[in-house]
Amino acid sequence: MELKTLYREIVNEHNLHPEHKHDLENPTMVLEGVNPSCGDDINLQLRIRDGVIEDAAFNGSGCAISQASADMMIDLILGKSEEEALRLAQIFMGMIQGTATEEEIEELDEAAALQDIAHMPARVKCAVLGWRTMREMVEKLEGE
Amino acid sequence: MTNSYREDFPILLRDDTIYFDNAATSQRPRQVTEAMRRFDETCNANPMRGLYRWSIEATEQYEQARSDAAELIGAADSREIVFTRNTTESINLAAYSYGLNFLKEGDEIVVSVMEHHSNLLPWQMVSRQTGARLVFLEPEADGTLTEQELLSKITPRTRLVAIGHVSNVLGVTNPVKRIAEIAHQNGALVLVDGAQSTPHMPVNVQELGADFYAFSGHKMLGPMGIGALYARKELLEEMPPFLSGGEMIEYVSRESATYAEIPHKFEAGTVNASGAAGLSAAIHYLKNVGFYTIRETEERLTARLMKGLQELPYITIYGSQDSKKHCGIVTFNIEGCHPHDVASVLDSEQVAIRAGHHCAQPLMKFLGVGSTARASLYFYNTEEEVDRFLDKISKVRGWLGY
């Protein structure tokens with residue numbers, strides 16, 4: 001997808017009118033994810049009960065790609081089990097690295113639009129910030 | 001208006017790309033790449049040591065580059081030029097060799113908030129290791145350093161003032177000559193980071209009063225991997241070597257060594273001779289164009305660029321609103337748009353600008369922003385490019401959903 005089309009059709013909406021950008025009531029976990037070099041900053045909040053992500057939200061500031069990617073991620077992981085969320089994160093990372101299959105990428109729904117970011121090395125870390133933060137939180141939980 | 005210099009730059013003729021990232025690196029004319037190729041194809045041999053013709057020629061070219069660099073910045077003696085990889089290495093050389101050995105607890109090192117990290121981190125290191133204190137010059141909102149600020153921060157405790165000649169973010173030219181006067185009155189030395197000034201203006205280190213002066217070849221039409229540190233001869237003679245090893249010795253025994261004469265004692269290992277040949281060619285090219293033409297072209301283009309940006313109400317330009325005070329560097333933000341998104345959508349329109357903190361995070365904090373977009377011009381840019389750039393800039397908010 002051409003970059004301006006990607007912004008127009010997907011990124012702008014999630015950046016300017018994010019559905020999940022707010023504070024969560026009673027989160028069970030909160031983690032700050034940052035990209036120090038570009039100043040992207042995401043405060044990811046999860047409410048996990050019995051291994052299921054009951055609710056999720058984020059706050060933060062940064063480029064449109066980082067904020068939109070986090071918003072799309074939450075669309076995907078809401079109501080999913082921890083394992084399923086980690087599996088989706090794995091697919092997303094694989095998509096960015098160019099190793100995920102087409103069927104896998106389809107599972108990412110709108111977030112699949114970000115696959116061309118793989119060709120823009122400077123923007124990769126913006127796209128994965130939310131996913132990286134979520135994976136760290138869930139892995140920590142599973143390690144406990 | 002056409003710009004006949006463009007014919008010399010193959011990369012500029014490739015396509016319609018608007019290259020406005022000249023403060024990061026400049027493009028190289030054919031004359032430079034040909035000089036390097038000529039070196040490789042006619043006299044490539046290890047300079048300084050050979051007793052045969054190719055090596056002697058390589059040495060001559062390398063030393064010619066040193067003379068050219070010395071003349072360019074008005075050094076009294078070509079031995080005052082030490083070749084390095086770039087400005088960063090030049091400043092590190094001064095910090096490790098001069099800073100660590102001559103500064104001590106109770107001394108003060110004065111830097112400005114505007115410094116590129118290259119002229120800040122080496123002094124932070126010196127401060128940590130010697131106990132010397134870092135003192136910051138705080139500019140006015142437009143980047144100006146006032147006389148009062150200089151007089152209040154540069155004191156008898158100051159041993160060194162490390163100052164950028166031209167800010168890589170605001171484009172403002174600092175009053176280096178006045179800073180040197182005040183520093184010298186207080187018994188301090190002055191190191192000038194000339195990375196952003198050397199490509200754009202005539203420099204005379206003796207007139208400026210610079211005790212150290214650092215610059216890079218790649219920002220002034222030369223190749224990457226060659227830069228220089230100027231230092232007054234007496235300083236270089238007193239300073240210990242920065243790196244040690246080959247090509248910097250006079251005599252070596254099992255336990256000790258005596259070092260070569262300056263500047264060779266600071267140039268350990270095989271040097272970048274083809275890079276030096278390229279730098280020579282770059283200096284000749286710049287002299288042929290002339291700094292008057294360079295300045296005149298940049299001022300004309302910057303005025304047009306800033307006027308166009310100032311007409312868009314959602315754009316903030318940092319630093320002076322006077323285009324003559326920008327040295328071709330215009331740093332800005334578009335309301336509501338992150339600079340990385342701005343740079344990415346412009347890239348898809350074949351426009352190359354820089355976005356981010358520009359290796360000047362303390363300045364970003366001073367300006368109250370996380371990051372900014374920066375367009376930086378050089379004499380081979382054109383009014384047509386500026387107009388096309390402004391047209392695209394006016395569409396960015398639309399592309400980003402506003």
Side-chain angles (χ1 to χ4, degrees), chain A residues 1-21 32-43 58-72 96 110-111 113-130 132, chain B residues 17 21 24-25 116-118 120-121 169 314 318 331-374 388-389 391-402:
Chain A
M1 191 185 294
E2 209 247 333
L3 185 80
K4 290 195 295 291
T5 316
L6 170 66
Y7 272 97
R8 189 175 66 238
E9 295 187 353
I10 311 279
V11 171
N12 290 342
E13 181 61 21
H14 284 279
N15 178 44
L16 300 176
H17 311 288
E19 199 177 333
H20 306 290
K21 195 168 187 172
E32 191 93 2
V34 288
N35 283 328
S37 64
C38 41
D40 293 337
D41 167 28
I42 276 178
N43 179 277
F58 77 104
N59 260 314
S61 62
C63 70
I65 303 260
S66 69
Q67 306 299 301
S69 181
D71 198 52
M72 287 189 272
I96 296 293
E110 270 193 314
L114 293 175
Q115 65 178 301
D116 289 335
I117 294 294
H119 308 303
M120 308 178 63
R123 307 309 301 277
V124 164
K125 55 185 185 302
C126 316
V128 302
L129 178 61
R132 186 163 60 76
Chain B
T17 299
D21 196 18
T25 200
H116 189 284
H117 295 163
S118 310
L120 173 60
L121 272 62
V169 175
Y314 47 78
Y318 299 98
T331 293
F332 62 96
N333 263 325
I334 301 180
E335 195 186 325
C337 304
H338 192 282
H340 286 158
D341 295 313
V342 174
S344 282
V345 293
L346 286 175
D347 171 53
S348 74
E349 291 280 309
Q350 293 183 295
V351 175
I353 62 159
R354 177 79 195 267
H357 52 62
H358 315 291
C359 299
Q361 288 185 354
L363 177 59
M364 292 296 116
K365 195 157 186 203
F366 174 84
L367 295 172
V369 291
S371 59
T372 55
R374 179 186 73 186
R388 213 148 33 95
F389 176 79
D391 174 57
K392 291 177 195 299
I393 282 286
S394 71
K395 292 176 180 154
V396 165
R397 272 174 61 91
W399 290 327
L400 293 178
Y402 290 97

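Chain letters run A, B, ... following the sequence lines, proteins first, then strands; residues in each count from 1. Hydrogens, waters and symmetry mates are skipped; everything else that's a heavy atom, side chains included, is used.
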Point to revise | Minimum heavy-atom distance between A:Asn12 and B:Trp399, given as atom pair plus value | key: ND2-O, 2.9 Å
Study note, to complete from the structure: If you tally heavy-atom pairs under 4.5 Å between each of B:Ala343, B:Ala355, B:Ser348 and chain A, the highest tally belongs to B:Ser348
Exercise for review: May I ask you to name which of B:Met364, B:Glu349, B:Gln361 has the most heavy-atom pairs under 4.5 Å with chain A?
Suggested key: B:Glu349
Chain B contact via [X] - which portion, at a heavy-atom distance below 4.5 Å:
X       : result
A:Asp40 : side chain
A:Glu2  : side chain
A:Ile65 : both

**Study point:** Heavy-atom check, side chain of A:Arg123 versus side chain of B:Asp347, under 4.5 Å
**Key:** no
Practice item. Side-chain contact test, heavy atoms from C-beta onward, threshold under 4.5 Å: evaluate it for B:His338 versus A:Gln67 and give yes or no. Key: no
Study note, to complete from the structure: dist B:Ser344:OG -> A:Lys4:NZ (nearest 0.5 Å) comes out at 11.5 Å
**Study point:** Check: A:Cys63 main-chain N/O paired with B:Asp341 side-chain donor or acceptor under 3.5 Å
**Key:** no
